[in-house]
Amino acid sequence: MIIFLSGPTGSGKDEVAKFIMKHADGFIDEYKMSQPLKDAFKYTFKFNPQAITQMLEPFKDRAFSYSLTDNDTPRQFQIDYFYFLVERYGEDILAKIGVKIVSNMSAKHIVIDCGRNIEIETFTKIPIKAHGIKITRPGHAFNDSREPIDFKRFNIPCMELD
(Lines give C-alpha, C1' and ligand atoms only; values in the text may rest on other atoms or scores of the structure.)
Protein backbone atom coordinates (compact mmCIF):
# COMPACT_ATOMS: atom_id res chain seq x y z
CA MET A 1 0.00 0.00 0.00
CA ILE A 2 1.11 3.55 -0.72
CA ILE A 3 0.42 6.32 1.76
CA PHE A 4 0.55 9.70 0.03
CA LEU A 5 1.36 12.71 2.22
CA SER A 6 0.22 16.11 1.00
CA GLY A 7 0.70 19.50 2.56
CA PRO A 8 2.35 22.88 2.10
CA THR A 9 5.96 23.64 2.92
CA GLY A 10 6.53 23.51 6.68
CA SER A 11 3.29 21.69 7.47
CA GLY A 12 5.05 18.71 9.07
CA LYS A 13 5.08 16.07 6.33
CA ASP A 14 8.53 14.83 7.38
CA GLU A 15 7.38 14.44 10.99
CA VAL A 16 4.25 12.57 9.94
CA ALA A 17 6.37 10.29 7.72
CA LYS A 18 8.74 9.59 10.65
CA PHE A 19 5.78 8.80 12.91
CA ILE A 20 4.27 6.39 10.37
CA MET A 21 7.64 4.73 9.78
CA LYS A 22 8.15 4.26 13.51
CA HIS A 23 4.68 2.93 14.31
CA ALA A 24 3.69 1.00 11.19
CA ASP A 25 3.18 -2.73 11.37
CA GLY A 26 5.31 -4.50 8.80
CA PHE A 27 8.08 -3.57 6.42
CA ILE A 28 7.72 0.10 5.42
CA ASP A 29 9.85 2.49 3.39
CA GLU A 30 9.70 6.14 2.36
CA TYR A 31 10.10 7.97 -0.94
CA LYS A 32 10.11 11.70 -1.53
CA MET A 33 8.95 12.87 -4.92
CA SER A 34 11.60 15.58 -4.60
CA GLN A 35 14.44 13.04 -4.16
CA PRO A 36 15.81 13.51 -7.70
CA LEU A 37 16.00 17.27 -7.02
CA LYS A 38 17.81 16.72 -3.73
CA ASP A 39 20.21 14.33 -5.47
CA ALA A 40 20.92 16.93 -8.18
CA PHE A 41 21.81 19.50 -5.51
CA LYS A 42 24.00 16.99 -3.67
CA TYR A 43 25.93 15.90 -6.76
CA THR A 44 26.21 19.38 -8.26
CA PHE A 45 27.81 21.05 -5.26
CA LYS A 46 29.69 18.10 -3.67
CA PHE A 47 29.39 19.25 -0.06
CA ASN A 48 30.28 16.72 2.62
CA PRO A 49 27.39 14.47 3.75
CA GLN A 50 26.80 16.33 7.02
CA ALA A 51 26.61 19.69 5.24
CA ILE A 52 24.22 18.27 2.64
CA THR A 53 21.92 16.93 5.38
CA GLN A 54 21.81 20.39 6.97
CA MET A 55 21.37 22.22 3.66
CA LEU A 56 18.55 20.01 2.42
CA GLU A 57 16.52 20.13 5.61
CA PRO A 58 16.88 22.68 8.41
CA PHE A 59 18.81 25.25 6.32
CA LYS A 60 17.19 24.73 2.92
CA ASP A 61 15.96 28.33 2.86
CA ARG A 62 19.35 29.93 3.60
CA ALA A 63 21.83 31.10 0.98
CA PHE A 64 24.78 28.73 0.67
CA SER A 65 28.47 29.38 0.08
CA TYR A 66 28.58 28.19 -3.54
CA SER A 67 25.44 30.03 -4.58
CA LEU A 68 25.67 32.01 -7.78
CA THR A 69 23.74 34.97 -6.37
CA ASP A 70 23.42 36.30 -2.85
CA ASN A 71 20.00 34.77 -2.35
CA ASP A 72 20.25 31.30 -3.93
CA THR A 73 19.07 28.66 -1.48
CA PRO A 74 19.05 24.87 -1.72
CA ARG A 75 15.24 25.03 -2.01
CA GLN A 76 15.42 27.55 -4.88
CA PHE A 77 18.02 25.41 -6.69
CA GLN A 78 15.64 22.44 -6.47
CA ILE A 79 12.67 24.50 -7.69
CA ASP A 80 14.68 25.84 -10.64
CA TYR A 81 15.90 22.35 -11.53
CA PHE A 82 12.35 21.04 -11.27
CA TYR A 83 11.13 23.60 -13.83
CA PHE A 84 14.04 22.68 -16.12
CA LEU A 85 13.00 19.01 -15.96
CA VAL A 86 9.34 19.88 -16.56
CA GLU A 87 10.23 21.95 -19.61
CA ARG A 88 12.36 19.13 -21.03
CA TYR A 89 10.41 16.01 -19.98
CA GLY A 90 6.90 17.10 -19.06
CA GLU A 91 4.81 17.97 -16.02
CA ASP A 92 4.83 14.43 -14.66
CA ILE A 93 8.60 13.80 -14.78
CA LEU A 94 9.05 13.39 -11.01
CA ALA A 95 6.13 10.98 -10.87
CA LYS A 96 7.49 8.93 -13.78
CA ILE A 97 10.82 8.64 -11.96
CA GLY A 98 9.00 7.88 -8.70
CA VAL A 99 6.90 5.11 -10.24
CA LYS A 100 10.03 3.36 -11.52
CA ILE A 101 11.79 3.65 -8.15
CA VAL A 102 8.78 2.70 -6.01
CA SER A 103 7.99 -0.27 -8.29
CA ASN A 104 11.38 -1.71 -7.39
CA MET A 105 11.06 -1.20 -3.63
CA SER A 106 10.37 -4.36 -1.66
CA ALA A 107 8.51 -2.74 1.24
CA LYS A 108 4.95 -3.77 2.03
CA HIS A 109 4.00 -0.11 2.60
CA ILE A 110 5.57 3.01 1.13
CA VAL A 111 5.07 6.55 2.41
CA ILE A 112 5.35 9.08 -0.40
CA ASP A 113 5.68 12.82 0.10
CA CYS A 114 3.93 14.23 -2.97
CA GLY A 115 2.95 17.73 -3.94
CA ARG A 116 1.07 17.79 -7.23
CA ASN A 117 -2.09 16.19 -8.58
CA ILE A 118 -0.29 15.05 -11.72
CA GLU A 119 1.97 12.91 -9.52
CA ILE A 120 -1.03 11.09 -8.05
CA GLU A 121 -2.56 10.76 -11.53
CA THR A 122 0.66 9.15 -12.80
CA PHE A 123 0.82 6.73 -9.86
CA THR A 124 -2.80 5.68 -10.27
CA LYS A 125 -2.03 4.46 -13.81
CA ILE A 126 -0.35 1.47 -12.17
CA PRO A 127 -2.35 -0.90 -9.97
CA ILE A 128 -1.89 0.37 -6.42
CA LYS A 129 -3.75 0.39 -3.16
CA ALA A 130 -3.40 3.87 -1.71
CA HIS A 131 -4.46 6.17 1.10
CA GLY A 132 -3.90 9.90 1.40
CA ILE A 133 -3.14 12.15 4.32
CA LYS A 134 -3.72 15.89 3.89
CA ILE A 135 -1.65 17.86 6.38
CA THR A 136 -2.46 21.44 7.28
CA ARG A 137 -0.78 23.79 9.70
CA PRO A 138 -1.85 27.33 10.59
CA GLY A 139 0.35 29.91 8.90
CA HIS A 140 1.57 27.52 6.18
CA ALA A 141 0.24 27.79 2.64
CA PHE A 142 1.04 26.38 -0.77
CA ASN A 143 3.53 28.92 -2.14
CA ASP A 144 5.95 26.88 -4.25
CA SER A 145 5.48 24.18 -6.88
CA ARG A 146 3.20 22.16 -4.53
CA GLU A 147 -0.57 22.25 -4.71
CA PRO A 148 -3.42 20.78 -2.63
CA ILE A 149 -4.01 17.17 -3.68
CA ASP A 150 -7.57 16.25 -4.65
CA PHE A 151 -7.60 12.66 -3.41
CA LYS A 152 -11.35 12.32 -4.11
CA ARG A 153 -10.66 12.91 -7.80
CA PHE A 154 -8.50 9.78 -7.81
CA ASN A 155 -10.81 7.70 -5.59
CA ILE A 156 -8.16 7.53 -2.87
CA PRO A 157 -9.45 7.45 0.72
CA CYS A 158 -8.04 10.39 2.63
CA MET A 159 -7.81 11.68 6.16
CA GLU A 160 -7.01 15.22 7.20
CA LEU A 161 -4.45 16.02 9.84
CA ASP A 162 -4.10 19.50 11.35
- For C114, does its backbone N or O pair with a side-chain atom of R146 as donor and acceptor, under 3.5 Å? yes
- Item | I126 to S103 - nearest heavy-atom pair and separation | CD1-OG, 4.3 Å
- Item | Test item: L37 and L85 side chains (from C-beta on) under 4.5 Å apart, heavy atoms | yes
- Task: Answer yes when D14 and K32 have at least one side-chain N-carboxylate O distance shorter than 4.0 Å, and no when they do not.
- Result: yes
- Task: For residues Q78 and L56, determine if any side-chain heavy atom of one lies less than 4.5 Å from a side-chain heavy atom of the other.
- Result: yes
- Would you sort out whether F47 and K42 count as a side-chain contact (heavy atoms from CB on, under 4.5 Å), showing the intermediate values? CA-CA 7 Å; F47 288 103; K42 179 168 80 174; over 6 Å; no
- Query: Hey, mind stepping through I110 and I3 against side-chain contact (heavy atoms from CB on, under 4.5 Å) and telling me if it holds?
  - Reply: CA-CA 6 Å; I110 301 170; I3 302 165; over 6 Å; no
- Message: Looking only at the side chains, is there a donor atom on one of Q76 and D80 sitting less than 3.5 Å from an acceptor on the other?
- Response: yes
- Message: With heavy-atom distances below 4.5 Å as the criterion, would you say the side chains of M33 and I112 are in contact?
- Response: yes
- Query: When rounded to the nearest 0.5 angstrom, what distance separates NE2 in H131 from CG in L5?
  - Reply: 13.0 Å
- Task: Would you sort out whether E57 and K38 count as a salt bridge (Lys or Arg N to Asp or Glu O under 4.0 Å), showing the intermediate values?
- Result: CA-CA 10 Å; E57 288 311 321; K38 294 176 185 311; 3.6 Å; yes
- Can you name the nearest heavy-atom pair linking H140 to T9, along with the distance? ND1-O, 3.2 Å
- Quick one: closest heavy-atom pair of A95 and T122, and the distance? CB-CB, 3.5 Å
- Side-chain ion pair, E30 and K18, N-O less than 4.0 Å: no
- Query: Are M105 and I128 grouped together when hydrophobic residues (ILVMFWY) are joined by side-chain heavy atoms under 4.5 angstrom apart?
  - Reply: yes
- Do F27 and S106 come within less than 4.5 Å of each other through their side chains, counting heavy atoms only? yes
- K134 (side chain) donor-acceptor with I149 (main chain) under 3.5 angstrom: yes
- Matching residue for F123 among F154, F151, F4 - test: ring pair (Phe, Tyr, Trp, His ring centres under 6.0 Å): F4
- Message: salt bridge (Lys or Arg N to Asp or Glu O under 4.0 Å), that's the test. Do R116 and E121 meet it? Break it down for me.
- Response: CA-CA 9 Å; R116 302 171 65 236; E121 183 177 337; over 6 Å; no
- Message: To the closest 0.5 Å, what do you measure between CG (L94) and CD1 (I101)?
- Response: 10.0 Å
- With sequence neighbours left out, write down each residue that passes ring pair (Phe, Tyr, Trp, His ring centres under 6.0 Å) with F41, or none if nothing qualifies. F45, F64, F77
- Message: Can you confirm whether I97 sits close enough to Y31 that some side-chain heavy atom of one is under 4.5 Å from a side-chain heavy atom of the other?
- Response: yes
- Query: Under 3.5 Å, is there a donor-acceptor pair between the T136 and D162 side chains?
  - Reply: yes
- Trace of the side-chain hydrogen bond (donor to acceptor under 3.5 Å, both in side chains) decision for Q35 with D39: CA-CA 6 Å; Q35 193 59 51; D39 291 344; 2.9 Å; yes
- According to the interplanar angle, ranging from 0 to 90°, do the rings of F84 and Y81 count as parallel (below 30°), tilted (30 to 60°) or perpendicular (above 60°)? parallel
- Task: May I ask you to decide if P74's main-chain N or O and R62's side chain share a donor-acceptor pair within less than 3.5 Å?
- Result: no
- Between I133 and I20, is any pair of side-chain heavy atoms under 4.5 Å apart? yes
